[in-house]
Amino acid sequence: MSWGLISEMGHVAIQTTDIEGSIRDATQLLGLRVTEQGVREAYLAAADVHHELVYVDSDENGIHALGLVARDGDALREIRRRVERENLQVLSERPASAGVQDGFSFVGPEGWVFEVYTGMQAHAGGPLSFGPDRYGHLNFHPQDVKGMMQFLVRVLDFRLSDVIGDDFAYFMRCNPDHHGIALIQGRGTFHHHAWQTQSIADLGKLGDRLNRVGRELIWGPVRHGAGHNIAAYYVEASGAVVELYTDLEQIYDDSRPPVRWGAEENWWNMWGSYRPEEFRSFGIPPASRR
Ligand SMILES: [Fe+2]
């Protein structure tokens, strides 16, 4: 088992036109806690770290940055060299977020900003409540899905776990979690950030909390074929989709070949083939202003 340059998914930073609504959704519906609040930014986490989600007050909804944890300082420097070799624009040679020791940020394919770092501060959680354990993965819809997949392999050492159709979707991992990043061919938008919990009952409780405030799940609970996670989804104030999941496949054999699905094979729900038509129409683009 050999691990690559990225050891963990770090965080998602979202620009939102309704920062209070976004924070309310993340704390009262999902169960995250605010760890630091600045004038323009709020940092939130489920795990015992400084942040796994950042909201940035803005006049547009969009993805500010996708954060990834480098394995160590050597890995961080190797990624910095690869970014140089790829001629990608470096936005900052220092960490763009608070609570992080070392890192840099750059613009990847299709305008997505990546923050890579080491040494995030610990931040102890309070007493256990209904929140998830931690941030687990993100899912976005590049226009050139194969190009994005190859970029993630070439620059960030991600591996393929499942492949859907002929360049339709790729599920990619950086550690034993079946996917840290999922790519589905689309219109260049971010679809969801996903949070791990221990029990399918927690997905039901999420539905109850939504119901209490007159909102609803947009899909699920379902048992995905690719990744085998049981998942439920809602839309947060920024327009991004949020997934709460449990029972994701863990891959300890690094030589496991990618599982290949036909485009029409039911890779999305092993419990039934129905999929709400509008599910993939949700999401937000990369932010144009930083
Ligand atoms: Fe997901």
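Note that these values count all heavy atoms, side chains included, but never hydrogens, waters or copies made by symmetry. When a ligand or atom number is given, it counts from 1 through the structure's own listing order.
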inquiry  = Any salt bridge linking D166 with K146? Criterion: basic side-chain nitrogen under 4.0 Å from a carboxylate oxygen.
reply    =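 Salt bridge flag = no for K146 with D166.
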
Spacing of Q101 atom CD and T118 atom OG1 [to the nearest 0.5 Å] =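 Q101 CD to T118 OG1: 6.0 Å, rounded to 0.5 Å.
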
### Message
the Fe ion (ligand 1) and H137: any N/O/S contact shorter than 2.8 Å?
### Response
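A backbone or side-chain N, O or S atom of H137 is under 2.8 Å from the Fe ion (ligand 1).
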
Exercise for review: Assess H191: does it contribute an N, O or S atom lying under 2.8 Å from the Fe ion (ligand 1)?
Suggested key: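 Within the cut-off used here (under 2.8 Å), H191 places no N, O or S atom near the Fe ion (ligand 1).
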
**Study point:** E243: its N/O/S atom lying closest to the Fe ion (ligand 1) (atom name)
**Key:**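 Closest to the Fe ion (ligand 1) among those atoms: OE1.
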
Practice problem: Output the atom name for the N/O/S atom of H192 with the smallest distance to the Fe ion (ligand 1). | Solution: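 Result for H192 and the Fe ion (ligand 1): NE2.
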
(request) Using the six-membered ring wherever Trp is involved, compare the ring planes of H137 and H192 and label them parallel, tilted or perpendicular (cut-offs 30° and 60°). (result)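 Perpendicular, since the angle between the ring planes exceeds 60°.
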
Exercise. Going by atom types alone, do S58 and E60 pair a side-chain donor with an acceptor below 3.5 Å?
Worked result: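 Side chains of S58 and E60: no pair found under 3.5 Å.
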
